[in-house]
Amino acid sequence: MTEIKQGDTVRIHYKGTLLDGNVFDSSEGRDPLEFVVGSGQIIPGLDTAMPGLTAGEKKRVEIACVDAYGPINPAMRQQIPREGIPDDIPLDLGTQLQMQAPDGQALPVTVVDVDDATVTLDANHPLAGQDLIFDIEVVLIN
């Protein structure tokens, strides 16, 4: 059987869960995820688990946060004056918004705190700081 190696294009089905068992993503009901092994298209911990696997193989991969979406970076939280936000923008906790980074890129942020004077926005990935578990099945190796 052909084993996956760096540079191979692979397709996998997966289910991603948090340590408490909550599913945060899955390919169930969708096409398999396709990527090039070692290209940086997926999180590092999952990428490094691929070499040596074969088509049809199933594996559970436990990934520490540093090899997933990284630890929470306090510098990615920003307080902005409430009056700097238009009245028609919802500010409920957990609301996803987009800001524009200095380079013009869209930057997704989450409202994490609101008081009379400020709104705190968090630009960390929603899964930052989380250890993850992936149950994968290799569907195809090219």
Side-chain angles (χ1 to χ4, degrees), residues 3-142:
E3 291 186 354
I4 295 173
K5 62 186 179 316
Q6 295 288 329
D8 284 345
T9 298
V10 299
R11 288 184 181 188
I12 64 169
H13 275 298
Y14 67 92
K15 179 174 74 171
T17 56
L18 303 175
L19 295 182
D20 64 8
N22 283 323
V23 176
F24 64 85
D25 195 11
S26 173
S27 65
E28 185 177 339
R30 302 186 308 203
D31 289 337
L33 175 66
E34 181 177 295
F35 60 95
V36 177
V37 175
S39 67
Q41 294 174 303
I42 61 172
I43 59 173
L46 190 53
D47 211 5
T48 59
M50 300 307 300
L53 298 179
T54 58
E57 189 169 351
K58 294 180 180 183
K59 182 175 183 178
R60 174 170 275 210
V61 181
E62 296 182 18
I63 303 171
C65 76
V66 297
D67 293 320
Y69 294 97
I72 292 173
N73 180 352
M76 297 291 285
R77 283 188 169 205
Q78 180 180 5
Q79 282 189 333
I80 58 173
R82 191 168 183 151
E83 68 266 7
I85 300 176
D87 291 337
D88 63 330
I89 302 292
L91 296 178
D92 300 319
L93 295 182
T95 298
Q96 301 280 318
L97 303 172
Q98 281 197 1
M99 294 181 63
Q100 188 170 5
D103 64 1
Q105 291 279 344
L107 180 65
V109 296
T110 303
V111 176
V112 294
D113 193 28
V114 178
D115 62 30
D116 291 339
T118 62
V119 175
T120 304
L121 301 174
D122 189 347
N124 282 289
H125 188 282
L127 294 173
Q130 299 279 340
D131 295 337
L132 307 176
I133 299 169
F134 282 89
D135 291 299
I136 61 172
E137 178 182 3
V138 179
V139 176
L140 181 70
I141 304 169
N142 280 337

Exercise. Does CG belonging to Asp103 count more than 12 external heavy atoms closer than 6.0 Å?
Worked result: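 Count over threshold, so yes.
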Exercise. Can you tell me how far the CG atom of Asp25 sits from the NZ atom of Lys15, to the nearest 0.5 Å?
Worked result: 12.0 Å
Problem set entry | Nearest-0.5 Å distance that lies between atom OG1 in Thr95 and atom CD1 in Ile89 |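 Rounded to the nearest 0.5 Å, the OG1-CD1 separation comes out at 10.0 Å.
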Problem set entry | Exam field: side chain Arg60 to backbone Ile133, donor-acceptor pair closer than 3.5 Å | no
Exercise. Is there a donor-acceptor pair under 3.5 Å between the side chain of Asp47 and the backbone N or O of Gly38?
Worked result: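 Side chain of Asp47 to backbone of Gly38: a pair is present.
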Exercise. Which atom names give the shortest non-hydrogen contact between Tyr14 and Arg30, and what distance separates them?
Worked result: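 Shortest heavy-atom contact: OH-NH2, 2.7 Å.
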Exercise. Say you draw a straight line from OG1 of Thr17 to CD of Gln130; how long is it, rounded to the nearest 0.5 Å?
Worked result: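 Here the interatomic distance stands at 11.0 Å.
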Exercise. Is the shortest heavy-atom distance from the side chain of Glu62 to the side chain of Asp131 under 4.5 Å?
Worked result: no
Exercise. Near Asp116 CG, under 6.0 Å, is it more than 12 heavy atoms from other residues, nucleotides or ligands?
Worked result: no
For this session: Examine the side chains of Gln96 and Thr110 and answer whether a donor and an acceptor come within less than 3.5 Å of each other.
Result: yes
Exercise. What are the two closest non-hydrogen atoms of Val109 and Ala123, and how far apart are they?
Worked result: CG1-CB, 3.9 Å
Seminar exercise, completed: Value for NE2 (His125) from SG (Cys65), rounded to nearest 0.5 Å, stands at 13.0 Å
Problem set entry | Val139/His13 under side-chain contact (heavy atoms from CB on, under 4.5 Å): CA gap, chis, key distance, verdict | CA-CA 7 Å; Val139 176; His13 275 298; 3.5 Å; yes
For this session: Taking Asp8 for its side chain and Lys5 for its backbone only, find out whether a donor-acceptor pair lies under 3.5 Å.
Result: yes
Exercise. Would a 4.5 Å heavy-atom cut-off, applied to side chains only, mark Arg82 and Thr118 as touching?
Worked result: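 Side-chain contact under 4.5 Å: no.
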Problem set entry | Inter-residue atom distance Leu140.CG - Thr9.OG1, 0.5 Å rounding |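 Rounded to the nearest 0.5 Å, the CG-OG1 separation comes to 9.0 Å.
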Exercise. Any idea which heavy atoms bring Gly52 and Glu57 closest together, and the distance?
Worked result: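 In terms of heavy atoms, the two residues are closest at O-OE1, 4.2 Å.
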Exercise. Do Gln78 side-chain atoms and Leu121 backbone N/O form a donor-acceptor pair below 3.5 Å?
Worked result: no
Exercise. Would a 4.5 Å heavy-atom cut-off, applied to side chains only, mark Phe134 and Ile12 as touching?
Worked result: no
For this session: Search all heavy atoms of Ala128 against all heavy atoms of Pro71 and return the closest pair with its distance.
Result: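 Distance-wise, the nearest heavy atoms are CB-O, 4.1 Å.
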For this session: Could you go through the side-chain contact (heavy atoms from CB on, under 4.5 Å) check for Ile4 and Val138 one step at a time?
Result: CA-CA 9 Å; Ile4 295 173; Val138 179; 4.0 Å; yes
For this session: Could you tell me the separation between the CD1 atom of Ile85 and the CG atom of Leu91, rounded to the nearest 0.5 Å?
Result: 5.0 Å
Exercise. With distance as the sole criterion, is a donor-acceptor pair present between the side chains of Tyr69 and Asn124 under 3.5 Å?
Worked result: no
For this session: Please lay out, stage by stage, how Leu132 and Phe24 fare under the test side-chain contact (heavy atoms from CB on, under 4.5 Å).
Result: CA-CA 9 Å; Leu132 307 176; Phe24 64 85; 3.6 Å; yes
Exercise. Are the side chain of Thr120 and the backbone of Val112 linked by a donor-acceptor contact shorter than 3.5 Å?
Worked result: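 No: the side chain of Thr120 does not pair with the backbone of Val112.
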For this session: Indicate the atoms forming the closest heavy-atom contact of Gly45 with Ile63, along with that distance.
Result: C-CD1, 3.7 Å
For this session: Go through the steps for Ile136 and Leu53 under the test side-chain contact (heavy atoms from CB on, under 4.5 Å), then give the verdict.
Result: CA-CA 10 Å; Ile136 61 172; Leu53 298 179; 3.8 Å; yes
For this session: Take atom CD of Gln98 as the centre, draw a 6.0 Å sphere, and report whether it contains more than 12 heavy atoms from other residues, nucleotides or ligands.
Result: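 Atom CD in Gln98 is packed in, count exceeds 12.
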